[in-house]
Amino acid sequence: MSKKRVFVALNSIFFLISCNKNVESEKPHVINAIERNNSTNSIQEWHLPELSIAEKKDIVKSVQTVFTDFYVNRLQKLEEFNFDSKEAVKNLTESMDSDILLKNIMNVFKQSRDLHTSFSYPYPARCFYASIPLAATIIYDDINDSEGKTEKIIIDGRLSKNLDPQTYTEEQNRQFTSINRGDEIISITNIGVEGETATEVNAKEALKILEIISQGANDDSSKTRSVNNLFWRNGSSGKTPVGTVKIKLKKAIDGSIDEFIIPWKTIISQEENCAYLHTDSAQVQTNNSGYKNAAADIEINETDITLESNIKTQLITYKNKKIAYISIGIFLPYGQINPEKYLYMREKIFGNILGLREFLIKNKHDIDGILIDVRDNPGGFGSYAQLVANLFTNNFVENIKFETLVSPTNYQTFYNLELNRYYSRLNTLDPLIKPLLETPNLMGYYLKEQRYQLDINQRKFFISPENLFDGDENDTLPLSFNKSETEIIKPIITDKPIAVLTNSNCYSACEVFVSHMKDYRIGKIFGESLRTGGGGANVIVWDDFVKPVVINNDGDKLPIIPNGTKLPKGMSITFAWNKVIRHNAENEREKYIEGEGVLADYVYRKTIRDLDEDSAEIKTKIFEDLIDEHNYRGFYLNR
């Protein structure tokens with residue numbers, strides 16, 4: 001899903017491409033940052049700034065408003081983790097020292113364990129990054145290891161061929177170049193999490209420690225996000241590690257044990273607000289700045305960006321059968337992206353879907369089975385996922401529905417949003433006849449009814465509106481669309497077995513797609529993990545909703561969030577505003593995407609062969625399932 005800005009579950013849009021399979025061909029991901037030379041003293045280390053009383057009041061009020069009046073997953077998190085965010089924020093006051101206040105705020109967000117609900121520290125803390133130029137991943141010795149008994153944390157690759165000789169010693173560089181893909185991480189010293197000791201811990205203990213900062217909503221996503229944080233940290237969410245790291249490795253080549261010692265590298269952002277931290281000795285970071293990292297949330301900015309092709313199709317011959325392999329990297333259209341221009345974006349999405357339709361129509365009579373791979377897909381537009389699912393069933397796959405919290409502040413927010421949507425579209429190519437006030441009007445009715453007051457006051461009362469409430473037209477297909485007359489949702493292949501391959505790095509709209517395929521009985525779900533990431537909600541960027549917008553004929557402007565103010569010193573907040581409902585889920589456990597995610601029907605673990613040969617073992621197993629004439633896996637063949 002998206003909200004104003006399109007949220008993806010990645011540390012940066014520049015990290016969308018995962019590390020390649022060997023050092024020689026790797027294309028490390030570059031962030032706009034510079035590397036501080038450790039041979040000289042920095043102007044400053046990572047630290048939180050002093051806030052004025054007014055700034056403290058602003059941030060306390062904003063955080064309390066989020067968790068008291070907007071946040072939809074509180075009751076679920078209270079049940080799952082025994083953490084009540086609404087009660088926790090009552091303890092925040094402007095009388096606290098700045099450092100304590102900010103860390104207490106961060107603690108509330110982290111304990112909520114919600115992908116779409118996050119807090120970013122102010123400048124200068126958010127200027128800092130720390131890294132070790134390595135990537136890690138999890139593999140298993142047994143592809144059918146459902147209990148994780150053969151799990152290993154291994155090196156997925158080096159992010160540069162060599163270390164900078166001006167920064168690292170010759171011995172450190174020698175050790176670094178001896179590390180190879182597949183080397184198993186036995187232990188690590190100085191894991192670099194604030195409040196933890198610098199003692200040696202084994203690899204699995206290290207991942208448990210990293211769960212403190214990783215905010216995974218379930219066990220699978222916690223583990224995956226911890227691995228992504230193992231060698232990369234963002235100062236916007238916590239103190240960046242310093243000092244020397246010792247990693248004990250079991251070498252893949254001969255099983256010998258070796259040690260690797262290297263300092264954490266501090267990197268300074270090139271944002272304008274971080275310029276004063278740069279020193280004359282700073283060096284531009286060009287070759288080992290980071291890697292794919294699904295452990296943090298950032299937004300795609302309002303300015304246009306360009307995405308590479310996000311759908312890859314291939315017809316694969318396997319044992320004289322033809323398998324259509326469809327890989328979807330993100331549910332955003334490729335090319336120029338500007339989420340603010342929703343009609344433009346809708347046409348871009350349609351263009352992508354038409355390209356996929358052409359592939360399916362062209363090969364329809366040759367295809368014996370279909371594998372749709374959405375591993376590591378961070379999300380995007382819900383309508384995109386909806387359109388893809390509709391290609392494979394005669395039934396109409398509806399858009400997702402939401403629950404939303406009833407509160408006076410939320411009522412006014414909906415009201416202001418819909419008024420602004422109406423007035424902003426006057427005299428455009430797509431005007432509204434009138435403001436769409438169904439949701440605020442319904443919420444207003446409940447607010448006036450005495451019988452609902454106790455639950456409303458305790459923030460336990462939700463309504464389940466339809467799909468017109470949030471002004472996010474990119475996520476909603478026109479109501480005039482129907483299965484028999486609208487070409488783009490007409491089914492193409494409805495009688496061939498379909499498998500969907502996913503993992504715990506599938507978030508948001510990716511999870512919506514997987515749930516469509518499962519709940520409408522279109523495809524069987526195969527996972528590298530049992531669960532997807534567990535991030536199911538509409539997302540609000542606080543500062544987007546406190547910008548003054550036109551709300552009447554006179555051109556008067558107000559924030560969409562009543563009395564909301566821009567956060568001081570570069571702090572940022574996102575929050576889960578509307579809770580995704582899987583209205584066709586087969587059981588209560590899978591009613592919501594948040595937390596549990598979408599459960600796989602079958603789990604195939606990633607092995608070293610999958611790492612070395614582009615998921616060869618997993619794909620082979622699924623291909624065998626797809627062509628099984630007895631349909632042992634129970635694929636839906638009449639959809």
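Only this structure's heavy atoms are used, side chains among them; waters, hydrogens and symmetry mates stay out.
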Salt bridge or not for [X] and [Y], using N-O below 4.0 Å?
| X | Y | answer |
| --- | --- | --- |
| Glu586 | Arg521 | yes |
| Asp84 | Lys77 | no |
| Asp220 | Arg531 | yes |
| Lys103 | Asp99 | yes |
| Lys518 | Glu590 | yes |
| Asp58 | Lys61 | no |
| Lys579 | Glu594 | no |
| Lys223 | Glu211 | no |

(request) Supply the atom-to-atom distance Thr393 OG1 to His516 NE2, rounded to the nearest 0.5 angstrom. (result)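 Here the rounded value is 12.0 Å.
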Side-chain donor-acceptor pair under 3.5 Å between [X] and [Y], yes or no?
| X | Y | answer |
| --- | --- | --- |
| Asn234 | Ser236 | yes |
| Asp376 | Asn505 | yes |
| Asn104 | Asn91 | no |
| Asn503 | Ser529 | no |

(request) Taking the side chain as every heavy atom from C-beta outward, state whether Glu271 and Tyr123 have any atom pair closer than 4.5 Å. (result)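 Sidechains of Tyr123 and Glu271: in contact.
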(request) Report yes if some heavy atom in the side chain of Gln386 is under 4.5 Å from a heavy atom in the side chain of Phe396; otherwise report no. (result)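 The answer is yes, as the side chains (C-beta and beyond) meet within the 4.5 Å cut-off.
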(request) Kindly confirm or rule out a cation-pi arrangement of Arg113 over Phe81, judged by NZ or CZ under 6.0 Å from the six-membered ring centre and within 45° of its axis? (result)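 Positive - Arg113 is close enough to the ring of Phe81 and near enough to its axis.
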(request) Just jot down the side-chain hydrogen bond (donor to acceptor under 3.5 Å, both in side chains) partners of Asn552, sequence neighbours excluded, or say none. (result)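 side-chain hydrogen bond (donor to acceptor under 3.5 Å, both in side chains) list for Asn552, sorted by chain: Asp556.
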(request) Describe, in one word, how the ring planes of Phe109 and Phe67 are oriented to each other, choosing from parallel (under 30°), tilted (30 to 60°) and perpendicular (over 60°). (result)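 Ring orientation of Phe109 relative to Phe67: perpendicular.
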(request) Return the set of residues passing ring-ring contact (aromatic ring centres under 6.0 Å, His included) with Phe331 (not counting sequence neighbours), or none when no residue passes. (result)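 Listed in chain order: Tyr384, Phe513.
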(request) Sort out for me which residue in Tyr411, Phe461, Phe462 forms a ring-ring contact (aromatic ring centres under 6.0 Å, His included) with Tyr446. (result)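 With Tyr446 as partner, ring-ring contact (aromatic ring centres under 6.0 Å, His included) holds for just one option, Phe461.
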(message) If I compare all heavy atoms of Ala576 with all of Asp114, which pair ends up nearest, and what's the gap?
(response)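 Result for this residue pair: CB-OD2, 3.8 Å.
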